[in-house]
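Side chains included, hydrogens not; waters and symmetry mates left out as well; all remaining heavy atoms used. Each chain gets a letter, A, B and so on, in the order its sequence line appears, and its residues count up from 1. Being a predicted model, the structure only gives us computed values, none of them experimental.
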Amino acid sequence: MKIATWNVNSLTARLQHVLDWLAVNPVDVLALQELKLSDDKFPHEALRAAGYEAAVFGQKTYNGVALLTRAPLLAADVARNIAGFADDNARLIAATLEAPGGPLRLVNGYFVNGQAPGSDKFDYKMSWLRALRDHLREELAAHPRLLLVGDFNIVPEDRDSYDPVGLAGTILHTDEERGHFQALLGLGLVDSFRLFEQPDKSFSWWDYRMLGYQKNRGLRIDHVLVSPPLVGQVRACSIDRTPRKWPKPSDHAPVIVTLG
DNA sequence: ATGTCGCGACGTTCGCGA
């Protein structure tokens, strides 16, 4: 079973990329972030023709997340955002998928960017991350086989940044953000990517500016975390840079996990 | 080069968010 996550930076602008990518990577689940479209604009027909059903939590202009699956999801089981945490933004969607070995809980997030430490947006990021942690503690109790995937907007360690010294303390690199990532690991979640030997300077996002991709000036901010019962079943985890090389790409690349 | 995208608004360019 293969599960992927991809921040597409507008599904309207990137639908053809998603379809092209799925044609060569027929994953069982694709978690999308930054749809930047409302539910009524979601391209259900094109994706259904490609073999995927979608649970959608859209928003006009900003944010928006979706879970694409080959097998239908139980609609009654789909959750949007964090229960008890008031939020104007569509950032989290969760659903349960029947799978060999038991149901899998898929939690797909577009984490708050936070702009800059000290800003109001950074305060919102910290509140959101605190609420997410509390929420996941409950989700894990209810669904032991769980994956937390998405654009975390957190660089977990220095080796996940092209310039850990120059960018130390700046957004995505602060101790507070990293503390929140560690807190998620403290719930028992494991970073799939680091279960395997990986090339140095492996990143999932590159700035559009300053030839960021060509110079590999990137960050690893898109992650797949798995709960304890799943750790032993992760067979592979990789970042697919292929679509980042296509014309008019998303600034993010997909991350793919194989569960055995 | 405050450098690139995507979106949307009383738009034909600008501000915002990333």
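Residue D151(A) contributes atom CG, which lies 13 Å from atom C1' of dG17(B) at whole-angstrom precision. Rounded to a whole Å, the CH2 atom of W205(A) is 8 Å from the C1' atom of dA18(B). Computed from coordinates, the D207(A) CG to dA18(B) C1' distance equals 9 Å when rounded to whole Å. The distance between atom CG of D120(A) and atom C1' of dC16(B), rounded to the nearest whole Å, is 15 Å. Atoms CG (L211(A)) and P (dA1(B)) sit 16 Å apart, rounded to a whole Å. Between M210(A) atom CE and dT2(B) atom C1' there is a gap of 10 Å when expressed in whole angstrom units. Taking atom CG on N153(A) and atom P on dG17(B), their separation rounds to 15 Å, with Å as the unit. Following rounding to the nearest Å, L37(A) (CG) and dG17(B) (C1') show an atom-to-atom distance of 16 Å.
One C1' atom belongs to dT12(B), the other to dC7(B), and the distance between them is 16 Å to the nearest Å. One C1' atom belongs to dG3(B), the other to dG8(B), and the distance between them is 23 Å to the nearest Å. Comparing dC10(B) with dG15(B), their C1' atoms are spaced 15 Å from each other, to the whole Å. Rounded to whole Å, the separation between the P atoms of dG17(B) and dA1(B) comes to 26 Å.
Minimum interatomic distance between P243(A) and P249(A) (heavy atoms only, all atoms of both residues): O-CB, 3.5 Å.
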Give every pair of a protein N or O atom and an N or O atom of nucleotides 6-9 of chain B that lie under 3.5 Å apart, one pair per line with the distance.
unit_1: dG6(B); atom_1: OP1; unit_2: R14(A); atom_2: NH1; d: 2.8
unit_1: dG6(B); atom_1: OP1; unit_2: R14(A); atom_2: NH2; d: 3.1
unit_1: dG6(B); atom_1: OP2; unit_2: K248(A); atom_2: NZ; d: 3.0
unit_1: dG6(B); atom_1: O3'; unit_2: S10(A); atom_2: OG; d: 3.2
unit_1: dC7(B); atom_1: OP1; unit_2: S10(A); atom_2: OG; d: 2.4
unit_1: dA9(B); atom_1: OP1; unit_2: K60(A); atom_2: NZ; d: 3.4

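Panel note: side chain H173(A), backbone I171(A); a donor-acceptor pair is recorded below 3.5 Å.
Screening residues 214-225 of chain A for salt bridge (Lys or Arg N to Asp or Glu O under 4.0 Å) gives D160(A)-R220(A), D191(A)-R220(A) as the qualifying pairs, with residues at least two apart or on separate chains. For the salt bridge (Lys or Arg N to Asp or Glu O under 4.0 Å) condition, no pair includes a residue of residues 227-243 of chain A, sequence neighbours left out.
Among the heavy atoms of the strands, none lies under 4.0 Å from Y213(A).
For dC16(B), the paired base is dG6(B) (Watson-Crick or G-U wobble, both distances below 3.5 Å).
Partners of F193(A) under the ring-ring contact (aromatic ring centres under 6.0 Å, His included) rule, at least two apart in sequence or in another chain, do not exist in this structure. Taking D134(A) as the reference, R137(A) meet the salt bridge (Lys or Arg N to Asp or Glu O under 4.0 Å) condition, with sequence neighbours excluded. D251(A) meets the salt bridge (Lys or Arg N to Asp or Glu O under 4.0 Å) test with no other residue; sequence neighbours excluded.
Ranked by how close their nearest DNA chain B nucleotide is to the 5' end, E34(A) and R209(A) are led by R209(A).
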